[in-house]
Protein chains: 2
Amino acid sequence: MERTAVKLDYSLQEQQLAIFAKALGHPVRIQILKILSEQACCFNGDLTEIIPLAQSTISQHLKSLKDAGLIQGKIMPPKIRYCLNKEAWSEAQQLFESLFKNHIS
Amino acid sequence: MERTAVKLDYSLQEQQLAIFAKALGHPVRIQILKILSEQACCFNGDLTEIIPLAQSTISQHLKSLKDAGLIQGKIMPPKIRYCLNKEAWSEAQQLFESLFKNHIS
DNA sequence: AGCGTATATCGTAAAAGTACGATAGACAAA
DNA sequence: TTTGTCTATCGTACTTTTACGATATACGCT
């Protein structure tokens, strides 16, 4: 009678949720995502005018979000339009929902 | 006609959300929270038997969660019982919900 | 008082994150 | 072709995170 089963579910879902959560774990990135999700489907890097950080820093935050899969960038010549990745966004929504859903009373 | 108002709302909500998200940004902490939210309201550090990490490391993760306000520990003599902080948990739930709620189509 | 258990904290090392300025790349327009 | 604009990437510095073993603290029990 082993207890192998006990820690089997270090599931992909938990890992994916951690990846999404990590990407959300900085106020600037929250702000960017809020802008992308509310204001318009797409946006570009005049985030520089809204967010008081160096352009390179913002670019790094965008990269984090892209690496986590939450946003996508489309080259629209002089600029680049960033959009939410709606599939990933929905997936994140579901994962967070189900994390919070089943808690007792 | 200034544009001061534009970046006024680096709101507390965004910061709080980032704090919660950061706390959720590691699979081990997700796992701990899942255990605390599903299995029983409270739990103690025999997490050590479930999670294949050093006791001190797990203690650090618990500290992260405590610092973020998501859990509380009650001393129950030989051991310590960790519980979800339900208020914070609900707050987190609401903040994530409202982040994901308003996205276009 | 001394022992054992449970947990936190310290010290440390390696890795990752955050921010900046400077530079490089792509591409439209002149 | 050259110029200008927009963005990514590089190099760097500093901080934070993650993990470990070792040690300290708290407390019930003998």
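Lettering follows sequence order; numbering is per chain, from 1.
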Colleague: To the nearest Å, give me how far apart CD (A:Q72) and C1' (D:dT7) are.
Modeller: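 That distance rounds to 18 Å.
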
Colleague: Between A:N85 and A:L70, is there a donor-acceptor pair closer than 3.5 Å when you use the side chain of the first and the backbone of the second?
Modeller: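 Checking the backbone N and O of A:L70 against the side chain of A:N85, no donor-acceptor pair under 3.5 Å is found.
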
Colleague: Donor-acceptor pair, distance only, cut-off 3.5 Å: does the side chain of B:R29 make one with the backbone of B:A23?
Modeller: yes

Colleague: In whole angstrom, give the distance that lies between atom CD of B:E49 and atom C1' of C:dA6.
Modeller: 12 Å

Colleague: How long is the line joining NZ of A:K66 and C1' of D:dT9, in whole Å?
Modeller: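 Distance check: A:K66 NZ to D:dT9 C1' gives 11 Å.
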
Colleague: For the pair A:L33 and A:I71, evaluate side chain to side chain contact (heavy atoms under 4.5 Å, CB included) and give the outcome as yes or no after the intermediate values.
Modeller: CA-CA 8 Å; A:L33 287 171; A:I71 65 172; 3.9 Å; yes

Colleague: Expressed in angstrom and rounded to an integer, what is the separation of B:K79 atom NZ from C:dA6 atom C1'?
Modeller: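 The answer, rounded to whole Å, is 8 Å.
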
Colleague: For each nucleotide in nucleotides 25-30 of chain C, reading 5' to 3', give B when a protein heavy atom comes within less than 4.0 Å of its base, S when such contact involves only the sugar-phosphate, and - otherwise.
Modeller: ---S--

Colleague: Could you check how far CD1 of B:I51 sits from P of D:dA19, rounded to whole Å?
Modeller: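 Taking CD1 of B:I51 and P of D:dA19, I get 10 Å after rounding.
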
Colleague: Measure the distance from CE on A:M76 to C1' on D:dT7 and round it to the nearest whole Å.
Modeller: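 Distance, rounded to whole Å: 15 Å.
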
Colleague: Test: salt bridge (charged side-chain N to carboxylate O under 4.0 Å, His left out). Region: residues 59-68 of chain A. Which pairs qualify, not counting sequence neighbours?
Modeller: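 Checked against salt bridge (charged side-chain N to carboxylate O under 4.0 Å, His left out) - neighbours excluded - the pairs reaching residues 59-68 of chain A are A:K63-A:D67.
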
Colleague: Taking CG from A:L47 and C1' from D:dC6, how many angstroms apart are they, rounded to a whole number?
Modeller: 13 Å

Colleague: Between B:S90 (side chain) and B:K86 (backbone), is there a donor-acceptor pair under 3.5 Å?
Modeller: yes

Colleague: Which heavy atom of A:W89 sits nearest to which heavy atom of A:S37, and what is that distance?
Modeller: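 That would be CZ2-CB, 4.1 Å.
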
Colleague: Does B:S59 have a side-chain nitrogen or oxygen under 4.0 Å from the phosphate oxygens OP1 or OP2 of C:dA8?
Modeller: yes

Colleague: Answer with yes or no whether the hydrophobic clustering places A:L99 together with B:I19; edges join I, L, V, M, F, W, Y residues whose side-chain heavy atoms lie under 4.5 Å apart.
Modeller: no

Colleague: Nearest whole Å is fine: how far is C:dA8 P from B:L65 CG?
Modeller: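 Answer to the nearest Å: 12 Å.
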
Colleague: Side chain to side chain contact (heavy atoms under 4.5 Å, CB included) for A:L53 and A:L47? Distances and angles first, verdict last.
Modeller: CA-CA 9 Å; A:L53 288 176; A:L47 294 167; over 6 Å; no

Colleague: For nucleotides 11-20 of chain C, just jot down a letter per nucleotide in 5' to 3' order: B, S or -, based on protein non-hydrogen atoms under 4.0 Å.
Modeller: ------SSBB

Colleague: Kindly compute the distance separating CD (B:Q72) from CG (B:L36), expressed to the nearest 0.5 Å.
Modeller: 11.0 Å

